[in-house]
Amino acid sequence: MKPKVIVIVGPTASGKTSLSIELAKQTNGEIISSDSMQIYKDMNIGSAKPTIEEMQGIKHYLIDEVLPTERFSVAEYKKRAEKAIEEILKKGKTPIIVGGTGLYVNSLIYGIEYEDINLDEKYREKLMKKAETQSGLEELYREAQKIDELAAQKISPNDKKRIIRILEIYHSTGKTKTMQELESRKNEVKYDYKIYCINMPRDILYERINKRVDIMIEQGLIEEVKSLLKKYPSFPTAMQAIGYKEIVQYLNGSWGRLEAIDKIKQESRRYAKRQITWFKRIENIKWIDGLDKMQNNINIILEELH
RNA sequence: GGGUAGGUGGUCGAGUGGUUAAUGGCACCAGACUGUAAAUCUGGCCGUGAGAGCGUACGUUGGUUCGAAUCCAACCCUACCCA
């Protein structure tokens with residue numbers, strides 16, 4: 001029998017953190033984050049990272065793992081997360097995956113294998129530059145079609161990142177994306193994932209998001225961004241984070257303070273919507289009501305654990 | 001009180017007699033998603049209908065015209081300037 005692993009997902013501000021910590025306490029569990037931004041050091045307030053007090057002594061993995069100057073990836077995430085799962089299981093404890101990054105969650109629950117390849121940054125830059133013009137992008141798309149007709153068909157001719165990816169994979173492995181994806185799903189999934197998504201009516205969720213952004217500002221998000229900018233020279237991916245990029249706009253004078261704050265709220269709401277769309281597609285996912293009493297939800301999860 | 005500019009769909013903003021339910025952007029809704037993913041991309045978006053269509057819409061009322069968001073008149077409102 002495969003070991004059970006609990007997975008808690010849900011849109012931002014749905015209450016994943018508090019539920020998961022309480023759950024960990026009741027199941028002798030430890031938490032593995034599946035959040036693409038909480039993994040970065042020094043990005044605390046804006047990524048809604050749990051504080052030491054909030055953690056209540058529950059061990060958390062994959063939080064504060066990498067510097068904002070580093071480039072992170074799903075492949076790297078998958079590797080580290082599985083290592084953490086093993087470590088927790090070895091202790092006889094329950095692994096609990098918690099986070100809102102659907103891509104990262106999928107890498108685990110579908111057991112996707114990523115081969116070891118290095119990113120050719122120069123090549124990517126070259127492609128990115130070319131993709132800046134409409135004609136350049138069209139040309140890249142045509143190249144992608146030649147290499148991997150099927151993969152190109154599935155994406156839009158405007159989808160820069162995915163067009164580049166098709167070319168990149170071929171460039172560094174000689175394989176097509178389609179081929180690589182087929183190989184990535186060969187192995188059987190090693191764990192028995194029990195997946196739950198916290199949800200609630202959209203309007204209530206949006207209110208919670210708005211309120212949380214205000215709290216982040218009160219807690220000093222602006223200061224946090226300032227010191228980040230001072231401390232690190234570059235941010236290959238970390239500055240994509242909602243709440244950070246907007247404050248940067250404010251600090252460099254492009255936006256007013258209120259404008260930036262409203263933008264953070266709006267982007268967060270839109271993000272939550274995309275997250276929900278993602279989670280709807282996960283088969284075997286169980287939806288739990290974020291407005292219900294926490295203990296009721298925990299009981300639902302506990303029941304399935306035995 | 002006088003002058004000027006203007007009032008367009010949830011919002012911003014094009015459109016100045018017919019091919020206009022009305023370009024765009026944004027919001028919103030729905031969707032996609034395998035190495036940057038809090039990223040990137042796609043579709044829908046007045047109502048009704050499966051659809052052709054029908055109904056209702058460009059401040060209000062009335063007029064000109066075969067035909068008006070577009071022209072005219074009066075009125076209401078907004079912004080700025082003068083008093």
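Protein chains get the first letters and strands the later ones, always in sequence-line order, with residue 1 at the start of each.
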Look at all strands and tell whether A:I155 reaches a base, only sugar-phosphate, or nothing, counting heavy atoms closer than 4.0 Å.
-> nothing
Write down the distance separating the C1' atoms in B:A21 and B:U8, rounded off to the nearest Å.
-> 12 Å
Can A:K2 and A:E188 be said to form a salt bridge (Lys or Arg N to Asp or Glu O under 4.0 Å), step by step?
-> CA-CA 11 Å; A:K2 293 178 189 175; A:E188 209 195 330; 3.3 Å; yes
Taken in chain and number order and not counting sequence neighbours, the residues that satisfy side-chain hydrogen bond (donor to acceptor under 3.5 Å, both in side chains) with A:N44 are none
When the ring planes of A:Y77 and A:F72 are compared, do they come out parallel, tilted or perpendicular, using 30° and 60° as the limits?
-> perpendicular
Does A:T51 offer a backbone N or O that forms a donor-acceptor pair with the side chain of A:E54 under 3.5 Å?
-> yes
May I have the distance from A:D120 (atom CG) to B:U36 (atom P), rounded to whole angstrom?
-> 13 Å
Whole-Å distance between B:A27 P and A:Y206 OH?
-> 11 Å
Take A:T277 and A:I112, find for each the nucleotide of RNA chain B with the closest heavy atom, and name the residue whose nucleotide sits nearer the 5' end.
-> A:T277
Can you find an N or O donor on one side and an acceptor on the other, under 3.5 Å apart, linking the side chain of A:S107 with the base of B:U34?
-> no
Quiz item: cation-pi between A:R185 and A:Y110, 6.0 Å / 45° = yes
Ignoring hydrogens and angles, state whether a donor on the side chain of A:E303 or A:N299 is under 3.5 Å from an acceptor on the partner side chain.
-> no
Pairwise P distance for B:C29 and B:U23, with rounding to whole Å = 22 Å
B:A30 phosphate, OP1 or OP2, under 4.0 Å from A:R202 side-chain N/O = yes
More than 12 heavy atoms of other groups within 6.0 Å of A:K231 NZ | no
Under-4.0 Å side-chain N/O to phosphate OP1/OP2 contact, A:R124 with B:U36 | yes
Determine the interatomic distance between C1' on B:C77 and the same-named atom on B:A22; round to the nearest Å.
-> 24 Å
Duplex segments of RNA chain B, taken as runs of at least three Watson-Crick or G-U pairs that stay under 3.5 Å | B:1-7 with B:76-82, B:10-12 with B:24-26, B:28-32 with B:40-44, B:46-48 with B:53-55, B:59-63 with B:71-75
Does a side chain donor of either A:T237 or A:Y40 reach within less than 3.5 Å of an acceptor in the other side chain?
-> yes
CZ/A:R202 to CZ/A:R269 distance, rounded to the nearest 0.5 angstrom?
-> 12.0 Å
With rounding to whole Å, what would you report as the distance between B:G25 and B:C41 at their P atoms?
-> 14 Å
Of all of residues 65-84 of chain A, which get a heavy atom below 4.0 angstrom from RNA chain B, listed by number?
-> A:F72, A:V74, A:A75
For nucleotides B:U61 and B:U70, find the distance between their P atoms and express it as a whole number of Å.
-> 13 Å
Which whole-number value in Å describes the distance from A:Y110 OH to B:G35 P?
-> 16 Å
Should A:E168 and A:R124 be marked as a salt bridge (Lys or Arg N to Asp or Glu O under 4.0 Å) after you check the CA-CA gap, both sets of side-chain angles, and the distance that decides it?
-> CA-CA 7 Å; A:E168 244 177 20; A:R124 176 179 283 186; 2.5 Å; yes
Answer yes if the side chains of A:Q295 and A:Q26 hold a donor-acceptor pair under 3.5 Å, and no otherwise.
-> yes
Establish whether A:F279 and A:I242 are linked, either directly or via other cluster members, by ILVMFWY side-chain heavy-atom contacts under 4.5 Å.
-> yes
According to a strict under-4.0 Å criterion, is A:N158 in side-chain N/O contact with OP1 or OP2 of B:U40?
-> no
Using the C1' atom in both, what is the distance from B:C54 to B:A50, to the nearest Å?
-> 15 Å
Is A:D35 touching bases, backbone alone, or none of the nucleic acid, heavy atoms closer than 4.0 Å?
-> base
If you measure only the distance, is there a donor-acceptor pair under 3.5 Å linking the side chains of A:T178 and A:D148?
-> yes
Do A:K194's NZ or CZ and the ring of A:Y196 fall within the cation-pi criteria of under 6.0 Å and 45°?
-> no
Does A:R165 have a side-chain nitrogen or oxygen under 4.0 Å from the phosphate oxygens OP1 or OP2 of B:A37?
-> no
For A:S47, report the nucleic acid contact type (base, sugar-phosphate, nothing); a contact means any heavy atom under 4.0 Å.
-> base
Between B:A38 atom P and A:L221 atom CG, what is the distance in whole Å?
-> 17 Å
Tell me, which of residues 266-273 of chain A have any heavy atom that sits under 4.0 Å from an atom in RNA chain B?
-> A:Q266, A:R269, A:R270, A:Y271, A:K273
Can you pull the salt bridge (Lys or Arg N to Asp or Glu O under 4.0 Å) pairs that have at least one residue in residues 130-139 of chain A, sequence neighbours excluded?
-> A:K130-A:E139, A:K130-A:E143
Taken to the nearest whole Å, CE/A:M43 to C1'/B:U36 is 13 Å
State whether A:Y114 places a side-chain N or O below 4.0 Å from either non-bridging phosphate oxygen (OP1 or OP2) of B:U34.
-> no
Please list, by residue number, the residues of residues 236-263 of chain A whose heavy atoms come closer than 4.0 Å to an atom of RNA chain B; answer none if no residue qualifies.
-> A:T237, A:Q240, A:A241, A:I242, A:K245
Rounded to whole angstrom, note down the C1' distance from B:U56 over to B:G1.
-> 41 Å
Mind calculating the distance between CD1 (A:I164) and P (B:C41) to the nearest angstrom?
-> 11 Å
Look at the side chain of A:D159 against the base of B:A32 and say whether a donor-acceptor pair falls under 3.5 Å; ignore hydrogens and angles.
-> no
In whole angstroms, how far is the C1' atom of B:U40 from the CD1 atom of A:I163?
-> 11 Å
Going by atom types only, do A:Q275 and A:Y271 share a side-chain donor-acceptor pair under 3.5 Å?
-> yes
Comparing A:S156 with A:E115, nearest RNA chain B nucleotide closer to 5' gives the residue A:E115
Distance, P atom - from B:G9 to B:G15, rounded to whole angstrom = 16 Å
Specify the separation, in whole Å, of atom CH2 of A:W278 and atom P of B:A37.
-> 11 Å
